[in-house]
Amino acid sequence: MSEVGGIVVQADLRGAWTGVRDQGARPTCLACVVSDAHAHAHGLEHRLSAEYLFYTGFKKVPSPIVANGLTLVAADQALRDDGQPSEIEWPYQPKTPDPWEPPALTKIWRGSLDVCVDGAAGVIESLQAGMPVVLGLRVVPGFNRVQAAPHIIDTSGKPAGGHAVLGVGLGSSVEGRSIDLVLIRNSWGFRWGTGGHAWLPLDYLKNNLVGSRTIATLPLAA
């Protein structure tokens, strides 16, 4: 355990990645966080292509609308059926490429999204086991103004939409208190929160967690 800005940190996976993603104006949050979790599951030091996951996953969404992004079901099917190449093979673009077609690929990593059972308790258990957790959330305005240390998101207000983030740590707001914070990794660039991360009160998950998933690896495809 360590203490950062008054928060007692009980689990912290941030060191598994270099930098954070910036999805820009595209609705690719789920593709971005799943890509980071997938690379972590395979023990890779390089990124996997969020562009490719969004491309293949979008084709699996019933009545797809680009502005709505992916669903957890579509992302799972894309990981299983199509996998992901390295980010180097098809880099992420701030705008949808035109034409939107993948280049020739040389190596594919495959995986699956596994349901993280028991809500917040399951999220805690997975993070304590060293597994990042994909979190589908209803978000409140406080997500847009995480500026001052200790970078705990203000969860007051009415949810105004959905968003996906990656759970990467656990903490306590007061010494001796049980876990009451989840450290999340966002895809809004390094200027958000502290280097792209912020603390989310655990209680928030009770009513605003749409879905949570861990990632299992599947055999590589040539």
Side-chain angles (χ1 to χ4, degrees), residues 1-5 7 9-57 69-70 75 78-79 83-95 97 102-103 105-111 113 123 126-135 137 143 146-147 149-153 163-171 181-200 212-217 220:
M1 289 187 214
S2 62
E3 185 169 345
V4 179
I7 294 174
V9 181
Q10 301 190 26
D12 190 344
L13 303 178
R14 279 177 286 189
W17 302 274
T18 301
V20 295
R21 295 179 183 269
D22 188 346
Q23 69 185 78
R26 299 177 68 191
T28 54
C29 56
L30 185 58
C32 287
V33 300
V34 167
S35 296
D36 284 350
H38 192 201
H40 180 274
H42 282 284
L44 302 177
E45 294 184 357
H46 60 79
R47 290 181 172 183
L48 293 176
S49 175
E51 189 69 59
Y52 187 75
L53 179 58
F54 189 58
Y55 172 82
T56 55
L70 301 184
L79 284 184
Q84 288 184 276
S86 167
E87 178 87 6
I88 294 175
E89 296 210 51
W90 199 15
Y92 183 77
Q93 303 296 317
K95 295 182 179 180
L105 304 172
T106 61
K107 189 173 183 179
I108 294 291
W109 286 264
R110 296 172 58 247
L113 289 177
V123 171
S126 296
L127 288 169
Q128 288 176 328
M131 293 186 291
V133 184
V134 176
L135 303 173
L137 302 171
F143 276 75
V146 187
Q147 297 175 335
H151 301 101
I152 298 176
I153 297 171
H163 186 48
V165 297
L166 192 62
V168 297
L170 298 167
L181 297 170
V182 176
L183 181 64
I184 62 171
R185 174 181 175 84
N186 206 346
S187 53
W188 292 351
F190 71 92
R191 291 185 176 86
W192 184 83
T194 172
H197 302 79
W199 293 96
L200 182 66
S212 54
R213 302 288 191 274
T214 56
I215 293 197
T217 60
L220 300 184

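All values below were derived from every heavy atom in this structure, side-chain atoms included, with hydrogens, water molecules and symmetry-related copies excluded.
- Interatomic distance, Trp17 CH2 to His197 NE2, rounded to the nearest 0.5 Å: 7.0 Å.
- At distances below 3.5 Å, not a single donor-acceptor pair connects side-chain atoms of Gln128 with backbone N or O atoms of Ala11.
- You'll find the side chain of Leu30 reaches within 4.5 Å of the side chain of Val134, heavy atoms only.
- The side-chain hydrogen bond (donor to acceptor under 3.5 Å, both in side chains) analysis of residues 40-50, with sequence neighbours excluded, yields the pairs His38-His42.
- Every residue two or more places apart in sequence or in another chain was checked for a ring-ring contact (aromatic ring centres under 6.0 Å, His included) with His151, and none qualifies.
- Residues meeting the side-chain hydrogen bond (donor to acceptor under 3.5 Å, both in side chains) test with Ser187, sequence neighbours left out: Gln23.
- For Ile7 against Gly171, the heavy-atom pair with the smallest separation is CG2-CA, 4.4 Å.
- Using a 4.5 Å heavy-atom cutoff, the side chains of Leu183 and Leu170 are not in contact.
- Between Tyr55 atom OH and Leu70 atom CG the span is 13.5 Å, to the nearest 0.5 Å.
- Atom CD1 of residue Ile108 and atom OG of residue Ser86 lie 10.0 Å apart, to the nearest 0.5 angstrom.
- Two residues are said to be in side-chain contact when any heavy atoms from C-beta on lie closer than 4.5 Å; Trp192 and Asp22 fail this criterion.
- In this structure Arg213 satisfies the salt bridge (charged side-chain N to carboxylate O under 4.0 Å, His left out) test with no other residue, sequence neighbours excluded.
- Taking every heavy atom of both residues into account, Gly167 and Val182 meet most closely at CA-CG1, 4.3 Å.
- Nearest approach of Ala78 to Thr56, heavy atoms of both residues: CB-OG1, 3.5 Å.
- Between Leu135 and Ile184, some side-chain heavy-atom pair lies under the 4.5 Å cut-off.
- The main-chain N or O of Ser35 is never found under 3.5 Å from a side-chain atom of Gln84 such that the two would form a donor-acceptor pair.
- Listed here is the closest heavy atom pair of Tyr92 and Thr28: OH-OG1, 2.6 Å.
- Contact of the Arg110 side chain with the Thr217 side chain is not registered, since no non-hydrogen atoms from C-beta on lie closer than 4.5 Å.
- Of all non-hydrogen atoms in Pro91 and Glu51, the two that sit nearest each other are O-CB, 3.8 Å.
- Between atom CG of residue Leu113 and atom CG of residue Leu79 there is a gap of 5.0 Å, rounded to the nearest 0.5 Å.
- At least one donor-acceptor pair closer than 3.5 Å links the side chain of Arg26 to the backbone N or O of Gln93.
- Applying the side-chain hydrogen bond (donor to acceptor under 3.5 Å, both in side chains) rule to Tyr52 yields no partners; only residues at least two apart in sequence or on another chain are considered.
- Every pair passing salt bridge (charged side-chain N to carboxylate O under 4.0 Å, His left out) that includes a residue from residues 34-44 is listed here, sequence neighbours excluded: Arg21-Asp36, Asp36-Arg185.
- Considering only heavy atoms from C-beta on, Phe54 comes within 4.5 Å of Pro27 through its side chain.
- For the pair Trp188 and Val146, the minimum side-chain heavy-atom distance is 4.5 Å or more.
- For the side chain to side chain contact (heavy atoms under 4.5 Å, CB included) with Val133, the lone residue among Leu13, Val165, Leu127 that qualifies is Leu127.
- Across Pro150 and Trp199, no two heavy atoms sit closer than the pair O-CD1, 3.3 Å.
- Side chains of Asn186 and Val20 form no contact here, defined as non-hydrogen atoms less than 4.5 Å apart.
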